[in-house]
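Questions regarding the structure given below will be posed in turn.
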2 protein chains.
Amino acid sequence: MSDVSSIPPRPGLPAGAAAERRDAARNRERLLAAARELIADCGAEGLTMDRLAEHAGVGKGTVFRRFGSRAGLMLTLLSESEADFQSRFMFGPPPLGPGASGLERLIAFGVERISYVMEFGDLVLAAEHASRRRFEAPAAVLWHRHIEILLREEGFGPDPWLMAGSLAATLDPERLLSLVKVHGISPDRLTASWRDLVTRVVRGA
Amino acid sequence: MSDVSSIPPRPGLPAGAAAERRDAARNRERLLAAARELIADCGAEGLTMDRLAEHAGVGKGTVFRRFGSRAGLMLTLLSESEADFQSRFMFGPPPLGPGASGLERLIAFGVERISYVMEFGDLVLAAEHASRRRFEAPAAVLWHRHIEILLREEGFGPDPWLMAGSLAATLDPERLLSLVKVHGISPDRLTASWRDLVTRVVRGA
DNA sequence: ATAATAAGCGGACCGCAGTCCGTTTAGATG
DNA sequence: CATCTAAACGGACTGCGGTCCGCTTATTAT
C-alpha cells in the first residue's frame with residue numbers, strides 16, 4: 001500500500017523530515033476530534049474555522065497552520081476512507097481490483113465511487129470547494145490515471161487521457177449529489193447510466 | 001425567439017409586472033458600465049462588489065438589490081452572448097440548428113460550447129460560482145434538455161435524460177479551462193475528444 | 001399642487017476564510 | 001541545570017459576499 005493519499009503533517013517535505021513537536025501533535029488530535037464532533041452536530045457546512053478553533057480550545061492561527069485551509073481539513077478528515085478506497089481499486093479483489101477485464105473494472109469503479117459520494121457527500125463537497133483547481137488534487141489525478149489505464153487496457157483508441165477526464169467529470173460529486181437530492185434519482189439509476197456510458201465508450205476499440 | 005435566457009429586472013415576476021423606476025434603470029446601466037470597465041481593467045476575479053459600488057458611485061445595497069449576488073451580476077453581463085448562443089442552437093442554421101442529424105448537431109453543440117467557454121472563460125466561472133446548485137440555472141437546464149432531445153432523435157436507448165447530464169458534465173467550464181490553461185491542451189483536441197465521445201455514445205441505439 | 005405609498009437607496013453591519021506578527025515553549029546542546 | 005533557537009501559538013486584522021433597516025424619492029391618485 002502506497003502513501004499516495006496520506007496527508008503528512010508537513011506536506012511536501014521528504015520522508016525523513018523532522019518529526020512533529022509533541023504539542024503540535026496533541027493539538028492536531030484535539031482539532032480532528034473537535035471537527036468530527038462539530039460535523040456530527042451541525043453537519044459539514046456548519047463547521048467554521050472560528051468555531052472549530054474555539055471548540056478545540058486553540059487559536060485560529062493554529063488551525064490554519066495545521067491544515068492550511070478549510071478544504072485541507074476536510075481532506076484530512078476524509079483521508080482514511082479515501083486511502084481505503086484507493087487501495088481497494090488498486091490492489092483489492094476483482095472486479096474493482098486487478099483480475100477482471102478493463103471494462104468490468106471501469107464499471108465497478110463508478111459503482112464504488114457513486115456509493116462513496118453517497119456516504120460522504122457533504123464532506124467531499126467541502127473538501128473540493130475553495131481549493132479552486134480541484135482537478136489537480138492528488139486523489140483526482142490518481143483516479144484519472146486509473147481510468148486512463150483501464151481504457152488503454154481495453155485498447156481504447158484516439159485519446160485515452162482526455163476520455164478518462166471526461167468519464168471522471170461524469171462522476172463529479174456535486175452533480176451526483178444534486179441528482180439524488182434535488183431530482184430524487186436513485187443511486188441505482190446512476191450506476192446503470194454509468195455502466196451504459198462506459199460500455200458504449202469502450203465498445204469498438 | 002423566446003425569452004428563455006432573459007434576465008428581467010425583477011426576475012420571477014409575471015411578464016406584465018410593474019415597470020422599473022427611472023432612477024433604478026439609470027443605476028443599472030451605470031453599474032453594468034462600471035462592471036465592464038472594472039473587468040477590462042482587473043479581470044473578472046478582480047471585480048468585487050464593494051469596488052463596483054464605489055466605482056459606479058452607488059451604495060453597496062443598490063448593487064445587491066439590482067443583481068441579487070455576484071453570480072447574478074456575472075449572469076447579467078453574459079446574458080446577451082448567452083441568448084445569442086441559445087438562439088443559434090435552437091433556431092439557427094445547421095449543423096448547430098435544426099436541419100442536421102442529431103449526431104451532427106450534438107457535435108456542433110460541443111464545439112460551440114467549447115469555443116464559448118474559451119472566449120468568456122472567467123466570466124462563466126464567476127457566474128457559476130457561489131450560486132451553489134449551478135445545475136438548476138435556467139441556461140444549464142436548457143442545454144440539458146437540448147442534448148436530451150438530440151439523443152432521443154438518434155433513438156438513444158435506456159436513459160436519455162441522465163446521459164444528457166453526463167455529456168453536459170463533460171463540458172464543465174472549470175474542467176475545460178483547467179485543461180487548456182493548466183495542461184496546455186488545445187481547444188482542437190478538446191473538440192476532437194467530444195466528437196469521439198458523442199459518436200460512441202450515439203452509435204448503436 | 002399636495003399628499004400618500006411603495007420602490008429605491010446607502011452604508012453600517014455580520015460571519016466567513018485566510019494572513020500577520022509579536023509572544024511562548026519544546027526540546028536539543030553544553 | 002542554564003541557554004538557545006526554531007517551531008508552534010493566539011488572536012487581532014483584512015477583504016470578501018451578503019444582509020438590514022432607517023431615510024429618500026419617483027410616481028400616482030386626488
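On a predicted model such as this, the values are computed, not experimentally measured, just so you know. Protein chains get the first letters and strands the later ones, always in sequence-line order, with residue 1 at the start of each.
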5' priority, DNA chain C, between B:Arg21 and B:Lys60 [closest heavy atom]
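Of the two residues, B:Arg21 wins.
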
Could you check how far CG of B:Leu73 sits from P of D:dG17, rounded to whole Å?
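So the two atoms are 10 Å apart, to the nearest Å.
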
Please tell me if the side chains of B:Glu119 and B:Tyr116 come closer than 4.5 Å, counting only heavy atoms from C-beta onward.
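B:Glu119 does not reach B:Tyr116 side chain to side chain.
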
What distance do A:Ile147 atom CD1 and A:Arg105 atom CZ have between them, rounded to the nearest 0.5 Å?
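Rounded to the nearest 0.5 Å, the CD1-CZ separation comes out at 11.5 Å.
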
Phosphate-side-chain proximity, B:Asn27 and C:dG8, N/O vs OP1/OP2 below 4.0 Å
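Checking C:dG8 against B:Asn27, no side-chain N or O comes under 4.0 Å of OP1 or OP2.
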
Taking CZ from B:Arg51 and P from C:dG11, how many angstroms apart are they, rounded to a whole number?
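Rounded to the whole Å, the gap is 18 Å.
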
In whole angstroms, how far is the C1' atom of C:dG11 from the CG atom of B:Leu52?
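It works out to 15 Å between those atoms.
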
Check for a donor-acceptor pair, side chain of A:Thr62 on one end and backbone N or O of A:Val58 on the other, with a separation under 3.5 Å.
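A pair under 3.5 Å: no.
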
Between atom CG in B:Leu31 and atom C1' in C:dG8, what is the gap in whole Å?
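Distance check: B:Leu31 CG to C:dG8 C1' gives 13 Å.
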
Using heavy atoms to find the nearest nucleotide of DNA chain C for A:Met49 and A:Gly61 separately, return the residue whose nucleotide is more 5′.
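By nearest-heavy-atom nucleotide position, the 5'-most residue is A:Met49.
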
A:Phe64 CZ - D:dG11 P separation (whole Å)
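After rounding, the reported distance stands at 15 Å.
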
Between D:dG15 (C1') and B:Glu54 (CD): distance, integer Å:
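So the CD-C1' distance, B:Glu54 to D:dG15, works out to 14 Å.
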
Closest-nucleotide mapping onto DNA chain D: is B:Arg26 or B:Ser69 further toward the 5' terminus? I mean the 5' end.
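Upstream on the strand: B:Ser69.
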
Does A:Thr62 have a side-chain nitrogen or oxygen under 4.0 Å from the phosphate oxygens OP1 or OP2 of D:dA8?
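So the side-chain polar atoms of A:Thr62 never come under 4.0 Å of the phosphate oxygens OP1 or OP2 of D:dA8.
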
Residues A:Arg175, B:Ser166; criterion side-chain hydrogen bond (donor to acceptor under 3.5 Å, both in side chains); working and verdict
CA-CA 9 Å; A:Arg175 184 178 97 91; B:Ser166 296; 3.0 Å; yes

Contact class for A:Arg70 vs. all strands (heavy atom < 4.0 Å): base, sugar-phosphate, or nothing?
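Sugar-phosphate only.
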
Which nucleotide, D:dG18, D:dA8, D:dT27, lies nearest any side-chain atom of A:Glu20?
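For A:Glu20, the side-chain atoms sit closest to D:dA8.
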
With rounding to the nearest 0.5 angstrom, report the CG to CD distance, A:Leu123 to A:Glu45.
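So the CG of A:Leu123 and the CD of A:Glu45 are separated by 10.0 Å.
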
How close or far is atom P of C:dG18 from atom CE of A:Met74, stated in whole angstroms?
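Interatomic distance, CE of A:Met74 to P of C:dG18: 11 Å.
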
Any side-chain N or O of B:Arg65 under 4.0 Å from OP1/OP2 of C:dG10?
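So the side chain of B:Arg65 is outside the cut-off, no N or O lying under 4.0 Å from OP1 or OP2 of C:dG10.
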
Toward the 5' end of DNA chain D, by each residue's nearest nucleotide, B:Asp23 or B:Gly46:
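Checking each residue's closest nucleotide, the 5'-ward one belongs to B:Gly46.
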
In whole angstroms, how far is the P atom of D:dC16 from the CG atom of A:Asp50?
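Answer to the nearest Å: 18 Å.
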
